[in-house]
Structure formats: structure tokens, C-alpha cells
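Scroll down for the structure; my scribbles are underneath it.
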Protein chains: 2
Amino acid sequence: MRQKRGGRAAGVTMEDVARVAGVSAMTVSRVLRQPTLVNADLKARVEAAIRETGYIYNLVASSLASQRSGIIALILPTVASSIFTDSVKGVSDVARTHAVQMIMAETNYSPAEEEKVIEALLRRRPDGFVIVGVSHTRATRALLEKSGVPVVETWDSTPTPIDSLVGLSNFDAMKAMTEALVAQGFRRIVFVGTATPDRRAQMRAKGYEAGIAEAGLGAPLILNAGDLTSMESGRIVAERIAALRPRPDAVLCLNDVLAAGALLAFQRMGIAVPADIAVAGFGGLDFSSHLNPSLSTVDIPRYEMGQKAAEMLLGRIAGTAAQGGTCEMGYRIMLRESTGGSRPTEAKAS
Amino acid sequence: MRQKRGGRAAGVTMEDVARVAGVSAMTVSRVLRQPTLVNADLKARVEAAIRETGYIYNLVASSLASQRSGIIALILPTVASSIFTDSVKGVSDVARTHAVQMIMAETNYSPAEEEKVIEALLRRRPDGFVIVGVSHTRATRALLEKSGVPVVETWDSTPTPIDSLVGLSNFDAMKAMTEALVAQGFRRIVFVGTATPDRRAQMRAKGYEAGIAEAGLGAPLILNAGDLTSMESGRIVAERIAALRPRPDAVLCLNDVLAAGALLAFQRMGIAVPADIAVAGFGGLDFSSHLNPSLSTVDIPRYEMGQKAAEMLLGRIAGTAAQGGTCEMGYRIMLRESTGGSRPTEAKAS
DNA sequence: CTGAAAGCGCTAACAA
DNA sequence: TTGTTAGCGCTTTCAG
């Protein structure tokens, strides 16, 4: 520890290590960052000095000097949702492999909040962004473009990404599930969304509508399950559905959490699933296959999507990938017991 | 944009803003950090200049100069577990309120990995750590102590925290649940843990053992549900339990995810819960009350624990809280249908 | 292969 | 209330 001007205390610095090892700070820096360029003897001495002094490399100083923070930012609607945890893990695993740190922030499904969050993160000078969603305010887009920081958008699709895209067609996926339900013989299919829908939710609802329209099943029926996704919201909407006359024969939910809440609520009300009413979800979450009856769902490669997005971003950062890169992820329709599939059926798409 | 030595490009700096506003960089800095100290006229000019130039404050440079990063680090066993998401949100919400950013890292339940992760994070010079768990390598402890960074440990209890503690007695909580099951009349209670238990898991198992011993129920029986916590692990262990003779009359699980997996698996096997076998979990996760039958569990104030930990940490960072602060969180035994409680019963503790 | 000089963009301390 | 000076601890560049 040293004392400098005004009594600021500081820890061991590279300079201190250099002094102990009898070399210059530059050599210490090289040992840490490009060890092959340094003579083996010196390297050993430096490493000993590092151990001896308990030196801890200062990435703040490094970031400032090198103009690279070694941080990638991940922007998502909410951290408290099981829907995104796997994607977070995908990003995080790739980041760790490349000795990059990930910093996360949530937007609460609000583009305005997203704008604030991105501006706040930009102050940390991240080397890149992974952003869930493709719907942003004009200002967000301008901010990102002006900053020149690579961006990978994901979990949605668009022909005009800010930079690069790891896409998922929520429309196609939900339409495919709707068609699968129609093929199973369901005719009065109700869709359950949320009161404050984001673009991904809207695209799913539209996919449902398109599926219904193409099947010539008359007017689509969409209910909202309250502000946020939770089993409780699913339960409440199930009660409303149970009261509908004539009663729908199938319930298609925006996601698995709502679907599970609805499924369990129907059972509790004495309404048999799928005999009285079928239920299907979206997301392919872990628990869906364990429920009784097992829940039909659209399986999304959540982990792989995070992984792919991070890899693409690192490529952009390294300069090995060009701007405009796009990669579309697929989905799988999993027909299980909750829609009357006697045995688990699978159909692959995209 | 400017060009300097060697052709490095850089963005708009505080200096640039100062020039446009006709003030010194220090004034710009003050407008941003202590606006009340600046004359209203100048402030307005500076703010206009910031907008005009599109200036984005550089927290990297700020951190280096001020020796405060404005980052708190959160260390947890895994990010992909529903058990911790609420605690993460608690920390994150408090952090945001105080204009601090949170950075997260996972240890995969390994103290050795924790050591690496903490060392890596220390390079970012976080202002403090929130760490899930109180079991660390000697080196980790030394590292943290030497660094002088405030630390709040949580989700476990110890008389000797590194710095401060937001405690939870896993032992007491699981013992209380065991006693509750005994009081309900169960006599052959099996405990389900995981193969790679951390200290929290061990303390829960010990709590179970103590409860069994005090009730004079003979030898405790502990099964391991595989490496990691998942519904699938719960399902598999349920099959083993179903084959035990004489069959246990209750299954107490390390957490709600295992318990849910077991409960659903029993049902699928045609074993009635709780008529044939009771099931209880730990954690008080959202879904537990929605299952049929609803799952008895030990409710833990997960969000509040994160919140409290973050608040305590910020107090330590600000210097308003003393080292050694401790706060013990309680738990609630929730007896629900899965253990035969006809209607939801609650008992409060700690 | 190694080192010296000159910053990176900001803030603490001091002066005016 | 505002400005000046001297760093924060590292890396880039360039010379040797």
C-alpha cells in the first residue's frame, strides 16, 4: 500500500510488481497479456513478484488505456423469468470461455426503459450488446448506431437489425402450434396473452390469428391474463375461460408459465385436461414435460440462442464477422398429453 | 471524434463538452455529479452542450480517477436456478435505486471455482460483494480480507462472517419442517438431497436428521437425487423411493424443484399424494402453491434477502454501517395439501 | 525482447 | 462558484 497526494490509499500496482521483479511495468504487462513475447527468466521473476506482492490486475485502468472493457452487455425484459435464464446461461458460458465478462440489465418490457438502460450501460463502454428483442425507440437505435458498438439482437426477427441478428420467428412458431391444434381436431381455440404485450407477444398472437384464419375457424378469441406472466395469472384466466359459453375446446398460451397455471387451475376446478379442454404453451420449459398431463409446447432452443448470439457478438468485436450477419433459429412443436397426444409427438420446423 | 497519437479514434469527451459550453472540464464533471454546486446558467449551458455533442459519460475513466467503480458483484452458485432469481432481483432493484450496477458470476457450487470467480471480479474493482453462502476456501477469504472490499454473505448462517451477514438457518428451517411432518403423524420420512451438496444443502440434511433424532424415529434415511437440482432428478429419485419396502410415508426434499419432480412422478406412477405418500419441499417457490395437490414447503424470503443484503452492502460502502453487521431472516413452514393439510396451514418461525 | 514516454478521460485537492 | 494541476494504473507507440 502506498500513500499519494492527499492521502489516497491504493493497492499494489503493476509498477510495484515491476520494482520487485526488477523489470519495467511494460514487461509485467506483457507477462500478463502476451506471455510468449517475454523471456522465460523474466517471466518467472515477474510471476514470482506477482505472487509475492498479491498483485491484482486492474481492469479499470486497462480498459481506459486500451479502449476495450472486456465487457459485453445483455439487455433483457426481465431477469426474474425462467424463460430467459437459459439464454442468459448461453451468453454467459460463451463469454466466460473468451475471458469476457457479462453485465445484465432489464427493461421490464418497456422500450423507454430499454433506452435508459442502454444509455446507462454505454457509460461502462461495453465492447458489445446482446439485446433480446428487435423493437426499440428511435433514440435507442440512433444511440447504438452512433456508439459504433456491435449489437446482436435476438428472440425475435426482423429484416432490418441494428447490426446482427440471431432470429426467432414467434409468428411462425405460434402459427405452427395453432395449426397443430387444428390438426388435432380442436375448433374453439382461445389464445391467452398478457395485458402489456411486447412485440414478441404480439407476433405470437398474430401467428395464432393467422392459423385460425387459414383454418377458416371464424373469429379468433384472445384473452389477456393480467400484466405479467405468472402461474397465478394463468390460474385467473383459466377461471374466466371456464365460464365461457360455449366453452373453448383448447387454450393456447403465450408461454409455458401461463399454460401451467391454467392447466393446474382447470384440474382444480374439476375440468379435465385434455378431455374437457386442451392446453398448450410456448417455450419448452423444463417443467412442461413433467406435468400431469404433460404440457404441449413449442420448444425453443433458448440456451443455443444465447450461445449463438454471444458467439456472433464476439466475432463482431474481434472484427472477424461482418455487420448484418443473421441466423434464424428453429422451433419444435411438442404435442404431448395436454392436447390429447397419447404419446409424445414431435414435429420439427424451420 | 478526434484523432490522437497513433491514430486512435475516440468519442466525445468531457473536454469536448467543456469547450462547446465555454467552461472547464471540471465544471462539466460537477454538473454531472454535484449539480447543486454549479451556477444555474452554466449548468444550462453545459447541459445544452452535452445534448448537442451527444456526450456519453465515461464511467471507466471516472472509476479509475475516483477509485470507485459503482459496481457491486453478486456471487451465486448458479444463475440458471429459479431458487436464486428472486434474490438476484432483490439485489438488482436496490442497486438500481442507488445508481449502482450489479455484476453477477456463478460458482457452480464449487468453492474452488468461487475463488477464481472472485479473483476475476476483483480485477474490476467492485465496490462490494454479495456472496451466496458462507463456505469459502481459505484463499478466498484472505483475498477478500486483503482487498478491503465490503462483503455481505447470505443464504446461510455463521458466527464468523467475512464482513457482514444476512443470515438464514437452513438447519433450523429444515428441522422445523421435519418436526411439522412428525406432528402430522408421518413416521417414515425420507430426505432427498443432491450428490454434490454444498453447505446449505448439508445444513438442511442435518436439520432433517436432528428432527428425526429428536422425535426418536430411528435412523434417518437420505437419498441423493443426482448431481443437480431438476425436476428430472426428482422424478428419478421418486422411482427409487417407490420401490423401497416398507415404503416411506413422507418425502422431504432439499428444494421445491426436486419436490415437484417427485410429486408429479408419484402421481404418474399411480401413487397418490398425500394418501400413499406425502411430499414436502423447501424454498417457497411460486409454483408450489399451484400444484395439485399444493406442495408443502418452507417459505424463504428470497427477494427480501437479496434486498437486505444489497442495502447492508451499500451501507458498508458508504461507511454508514459497521463491519460485522448481522441480520437473520426467518422462514415459514407452509403445510399444504401434499402433506395432508386439508386447508393451507401456516406456522411462523424465527 | 525490453523500456521510456505519452497518453486514455476523468476527478481530488487546492487555488483563485 | 469555478478553474488549474496532478495524477488514477494501465497500454500504445516507438526506440533501442
Side-chain angles (χ1 to χ4, degrees), chain A residues 1-19 21-46 49-50 53 55-70 122-125 127 147, chain B residues 1-19 21-46 49-50 53 55-70 122-125 127 147:
Chain A
M1 304 288 179
R2 302 152 315 143
Q3 289 288 110
K4 290 216 175 159
R5 181 168 182 205
R8 273 199 233 160
V12 180
T13 71
M14 207 172 251
E15 201 82 42
D16 298 331
V17 174
R19 203 171 304 117
V23 299
S24 75
M26 244 346 275
T27 299
V28 177
S29 175
R30 287 199 185 96
V31 167
L32 262 18
R33 301 163 17 102
Q34 322 170 63
T36 55
L37 300 185
V38 181
N39 173 293
D41 271 15
L42 280 194
K43 202 177 102 183
R45 258 161 58 199
V46 168
I50 288 174
T53 55
Y55 171 65
I56 294 176
Y57 186 58
N58 188 331
L59 272 170
V60 177
S62 166
S63 300
L64 180 59
S66 68
Q67 305 283 61
R68 308 178 91 268
S69 62
L122 237 16
R123 299 201 249 267
R124 298 266 172 214
R125 299 297 190 265
D127 296 334
S147 76
Chain B
M1 305 287 177
R2 301 153 313 141
Q3 289 288 111
K4 288 216 177 161
R5 183 167 180 202
R8 274 200 233 160
V12 179
T13 72
M14 206 173 251
E15 200 81 42
D16 299 331
V17 174
R19 201 170 307 119
V23 298
S24 75
M26 232 6 258
T27 299
V28 177
S29 175
R30 287 199 186 96
V31 168
L32 260 19
R33 298 162 20 103
Q34 320 169 64
T36 55
L37 299 186
V38 180
N39 173 294
D41 271 13
L42 281 194
K43 203 176 97 180
R45 255 161 59 198
V46 167
I50 287 175
T53 56
Y55 172 65
I56 295 176
Y57 187 56
N58 188 333
L59 273 170
V60 176
S62 166
S63 299
L64 180 60
S66 67
Q67 306 283 61
R68 307 177 95 266
S69 62
L122 237 14
R123 299 201 248 270
R124 298 266 171 215
R125 299 298 190 265
D127 295 333
S147 76

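The model shown is predicted, which means the values in this text are computed figures rather than measured ones. In what follows, every chain begins at residue 1, and chains take the letters A, B, ... in the order their sequences are listed.
Put simply, CG on B:L32 is 12 Å from C1' on C:dT11, counting in whole angstrom units. Rounding to whole angstrom units, CZ of residue A:R19 and P of D:dC10 are separated by 12 Å. Nucleotide C:dC8 holds its P atom 15 Å from the CE atom of B:M14, rounded to whole Å. If you take OH of A:Y57 and P of D:dG9, they are 14 Å apart, rounded to a whole angstrom. Remark: P of D:dT4 and CE of B:M26 are 12 Å apart, rounded to the nearest angstrom. A straight line from CD1 of A:I56 to C1' of D:dC10 spans 16 Å, rounded to a whole angstrom. Remark: P of C:dG3 and CZ of A:R45 are 9 Å apart, rounded to the nearest angstrom. For the pair B:L59 CG and C:dG9 P, the computed distance is 14 Å after rounding to whole Å.
Listed by chain and number, the residues in a side-chain hydrogen bond (donor to acceptor under 3.5 Å, both in side chains) with A:S147 amount to none (sequence neighbours excluded). Every residue two or more places apart in sequence or in another chain was checked for a side-chain hydrogen bond (donor to acceptor under 3.5 Å, both in side chains) with B:Y55, and none qualifies. Listed by chain and number, the residues in a side-chain hydrogen bond (donor to acceptor under 3.5 Å, both in side chains) with A:R125 amount to none (sequence neighbours excluded). With sequence neighbours excluded, the residues forming a side-chain contact (heavy atoms from CB on, under 4.5 Å) with A:R68 are A:S66, A:D127, A:I317, listed by chain and number. Every residue was checked against the side-chain hydrogen bond (donor to acceptor under 3.5 Å, both in side chains) condition with B:S29, not counting sequence neighbours, and none meets it.
Looking only at side-chain heavy atoms (C-beta outward), B:V17 and B:M14 stay at 4.5 Å or farther from each other. Counting heavy atoms from C-beta on, the side chains of A:S63 and B:R124 come closer than 4.5 Å.
At D:dG9, none of the side-chain N or O atoms of A:T13 fall inside 4.0 Å of OP1 or OP2 (strictly under the cut-off).
In the set C:dG9, D:dG3, D:dC10, the nucleotide with an atom closest to the side chain of A:Q67 is C:dG9. Out of C:dT2, C:dC14, D:dT12, the shortest distance to the side chain of B:R30 is found at C:dC14. Comparing D:dC10, D:dT12, C:dT11 against the side chain of A:N58 picks out D:dC10 as the nearest.
Axis angle, first five pairs versus last five pairs of the helix from C:dC1-D:dG16 to C:dA16-D:dT1: 30°, rounded to 10°.
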**Message:** Working note: A:N58 + A:T13, criterion side-chain contact (heavy atoms from CB on, under 4.5 Å); need CA distance, chi angles, decisive distance, verdict.
**Reply:** CA-CA 8 Å; A:N58 188 331; A:T13 71; over 6 Å; no
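Contact check of residues 33-43 of chain B against DNA chain D (heavy atom, cut-off under 4.0 Å) returns B:L37, B:V38, B:N39, B:L42.
Between the base of D:dG9 and the side chain of B:R125 there is no donor-acceptor pair shorter than 3.5 Å.
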Atom pairs and distances, donor-acceptor, side-chain atoms in residues 30-37 of chain B, under 3.5 Å, two or more places apart:
none

